[in-house]
Amino acid sequence: MRRADLTEFEIEDQGFKLRIRRNGDERPVVTSSNTPPPFAVSAPEPTPQAAPPPVVFPTARNTVALPEAGVSYIKSPMVGTFYRAAAPENPSFVNVGDVVTETSVVCIIEAMKVMNDIQAEARGTILEALVENGKSVEYGQPLFKIKTA
Amino acid sequence: MRRADLTEFEIEDQGFKLRIRRNGDERPVVTSSNTPPPFAVSAPEPTPQAAPPPVVFPTARNTVALPEAGVSYIKSPMVGTFYRAAAPENPSFVNVGDVVTETSVVCIIEAMKVMNDIQAEARGTILEALVENGKSVEYGQPLFKIKTA
Amino acid sequence: MFGKILIANRGEIALRIIRACKELGIRTVAVYSEADEQSLHVQLADGAICIGPAPSTESYLRADRIISAAEIADVDAIHPGYGFLSEDADFAEQCERCGIKFIGPTSATIRDMGDKARARDMAKAAGVPIVPGSDGPIEDPNEALEVAKQIGFPVIIKAVSGGGGRGMRLAHNPVSFAREFGSAKIEAEKAFGDGSVYIEKYIEEPRHIEFQILGDTHGNIIHLGERDCSVQRRHQKVIEEAPSPIMTDDLRKRMGDAAIKIARAVGYVNAGTIENLVDKHGNFYFIEMNTRIQVEHAVTEEAVGIDLVKEQIRIAAGHPITIKQEDVKFIRHAIEVRICAENPARNFAPSPGRVNLYYPPGGHGVRVDSHVYGEYVIPPYYDSMISKVITFGATRELALDRMSRALGEYLIGGIETNIAFTRAIIRDHEFIKGGATTKFIEDFFSRTPKELFSSPPSHSDGK
Amino acid sequence: MFGKILIANRGEIALRIIRACKELGIRTVAVYSEADEQSLHVQLADGAICIGPAPSTESYLRADRIISAAEIADVDAIHPGYGFLSEDADFAEQCERCGIKFIGPTSATIRDMGDKARARDMAKAAGVPIVPGSDGPIEDPNEALEVAKQIGFPVIIKAVSGGGGRGMRLAHNPVSFAREFGSAKIEAEKAFGDGSVYIEKYIEEPRHIEFQILGDTHGNIIHLGERDCSVQRRHQKVIEEAPSPIMTDDLRKRMGDAAIKIARAVGYVNAGTIENLVDKHGNFYFIEMNTRIQVEHAVTEEAVGIDLVKEQIRIAAGHPITIKQEDVKFIRHAIEVRICAENPARNFAPSPGRVNLYYPPGGHGVRVDSHVYGEYVIPPYYDSMISKVITFGATRELALDRMSRALGEYLIGGIETNIAFTRAIIRDHEFIKGGATTKFIEDFFSRTPKELFSSPPSHSDGK
């Protein structure tokens, strides 16, 4: 999986996080991704509240991760490659609608050739899977959105 | 009068304006004067109103020249040396308490060896003379505070 | 040496002069308009005097107020920078009369060289090639047409009092000539109060190559090599570099000798620039002399390693130039980009306003001359140039790579700038191979999608 | 050449490496902690990966996460910068095992040189003078006292695993020795998990003079002259310059030869630094080797005109060094001041927080390496160094004058900095005459009124 490229870092949930990308011959372009914060763009997400303390480069933290009642995220505790199942032919550990407990394994993250079981660490119902199978994830990246029990 | 030095630019009304001075071997020091704005100091003047649009270097305009009902300033229309009288032995053109009209000569400013009569350009009563006789003045510098009629 | 200098300018060049003075231990006095209270030249000078309201006609162009300020501040000299009063012979003369040293050539030299036709005559008399053209101003349309035919079309009609590209018209044939000649005269009369025009040969694939001159009061005159300023938009320089990618040792020798000949002919003192056009065959033609420090002086400073503004001050103080011509060498390649608050995607409309994000490039081989800081408000009253980025390195390739990365990391938010536009030029194949003539930008602009030149949204939105 | 490099660092050095990569056409991947989302290395790299929360033990010191990031980003090499994992032999070894090029020496070299006693032995074996002292770590207090007497008091007791001044104790006589020896061992055990200490001769009026080394995989090793880093506070360098004001051609030749001998003895590859003390008689003693790029590398870059970070990358990619020893020359004097977010008037207490006014110095002869911009919040988790100012010029005097003016125009609001403090040093008579030893700051601090070091109120208040 070393061949995964940073350009694959985009996640389906367009509104979730933003990141800045720079190609060799371009000025910064804002693309959707889950890594670092882009420049001062007006972020395309619902932020009708009072402005947070001034930040120059909006980030997930200050633009999107607004607390939603009863909703939380299972986040990646490491940097690596995300797998929804133990093997390609196996079913996913969890699917939308599944109920999980703190110790439910929700995915595997491969880091340094080691397969790490990732537990939910919360009780609730899976609302959405935020990362595609086989994609790279970074520390703190939301993996699943859950409705907490 | 070429010998007047910039260090003499301070005016009596300490609270009126501030300026930054730099000597050859010092970091900026804030002194009272009527010329340019100092660094972001909390200016020692009455500004209890809502903050004006952000400025980095507070100036007379944004910190002090708040409209006071019935009070205005006679300002210098040029750069030069300020004289309160036509000659050292003569009385001052105006003194505190004097009533002036638009065309009253209130002082002389010498610029490029020429003595320029300065008119009040307002009607009212002299409340205060802001510049000492023989001192240098710059463009826009308040010379007299008047109570407008 | 001088004890105190007044700087009769604003923006980056005022800071540039303050820096030179500080390094020389000279005290500085800034003058400023009411619009510039928040400007750094006011903050960083040892003293500052307000000389008028925002419009430059009421402040930076007011010779009387500047001289008054010089008198009350008791300065020994005035540095005029570039623009404003820097090439105003009357101002220089007033300084001379008041016993304040004007840091530049004598008022007589400024006057001589300010008259473009007279300057050409002097160059011609000194044996320096000039662009073939009418012998001075020409009044009669028929006589003018005859001259144009003699020179051979296409020709350019230029205002005697013009400069910087203003008051110039091109004619390709006798018919267009008749029309353009009349228009040029009317335009010149309107713009400069002087309808005199002259006619010149149109140069094929011209490059703008200028030579930096230094002359002292002891009769020493040297040149510091060339700057290639071919990348211009509407006759305004955008990118300058030294050495010129098309220069040869032989051509440099001949052009340098010619530059010194002209400077010697007018007894030139202080820093000046001999501007030339070089055609595709390597022929060069003197076009005019600038009697001030140029915007692009930093290119020479980095390429040859000499501080030009300090030299100006030393020369004005009567010191002899200690640099020998044979010791002047290009020790590296240097290139400058002028950063302007303007929107290339909207016909370069000026874009003044508050800068809400500011990070200038840094690191090895990068010099920035700018008066901008975060939260600075760029006033709408003055030139749109807000910064100069100069990069340098052992080779042209390195200097260009460095410029590309420097512009790539230059972050300016809240206003539009030409950073993306100029970076696209730096990365352009034609420019990289050294092929840019004075037509480059026109051509580049027409063949490049405009989206490339607009700042990314991130750079223009508020925070 | 590499296609993509991961930068395992933050702050100015991460930017420094990104700049080198961009100029070489190499793509970059930043790693960052959650506290550094707003940091420019994240913004200016081609990609960036969050590796953990704010504390460096959970992010920048996490080798596993950095290697994972390198793997998913598919980089060819990792540049460790300075600090963090740059001298961690295990990390370098992991990189080696994973087939990711560690831009630095081999893990074996890092391990050898990281053991200060072993490094001394190697230098000694190579015939390079070392500070007289115990032959390696010494356990027994009585044996230690004998050695101390042999060497002659005063002596210094140093932790084998220490460095940067941590774990060092001075003893002036047998009585204090007995006390300090015990304390040093306990302290070393606590701080480094290794109580081994050794004993050294105390050097009179020592200057810290280090030599920059470059070695390639083809057996070429050169040195790029010295840096004088005598101005230190608690063994942390504050001001560095090159050349050293006390250097002679003869001493440089001998010290340079010695540095190369050591590098050759360990088969050194990539950039490294041989640190020496030079006593008042001009005797020099090897003290340790740093197996990474140094904070102060920019001093050498400006003084000799060589881009060290690019050389590091080229060497790591297997390219031979193309610079010949005889071509390395000091082409100018360069000096660096480390700007820290700290309050000199309050015992240099760190001063993190929001920068509400920021204007870095610019112009001719000034280089700034910094990741700060207006409104940047300096996080409290990392080193307080926020910027490096490097000035250079034909002479030391010019470089110092330029530093004085550069620091004078460096505007940082909202936090406290050491700008006024360091500017006072630059203008100090003793420093100017080149007399600074490693005791300079202690002495300077005691004889100078503290008011001089505090920022003017204008620089610390909010806007």
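First the proteins, then the strands, lettered A, B, ... as listed; each starts at 1.
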For this session: Enter the distance from A:E138:CD to D:R65:CZ here, rounded to the nearest 0.5 Å.
Result: 11.5 Å

Problem set entry | Check: A:Y139 and D:S59 side chains under 4.5 Å, non-hydrogen atoms | no

Seminar exercise, completed: In terms of heavy-atom contacts, A:T81 and D:I72 come closest through OG1-CG2, 3.7 Å

Problem set entry | Minimal non-hydrogen separation, D:S68 against A:M112, with atom names | OG-CG, 3.3 Å

Exercise. CG/D:D64 to CE/A:M78 distance, rounded to the nearest 0.5 angstrom?
Worked result: 8.5 Å

For this session: Answer yes or no: does atom CZ of D:F2 have more than 12 heavy-atom neighbours from other residues, nucleotides or ligands under 6.0 Å?
Result: yes

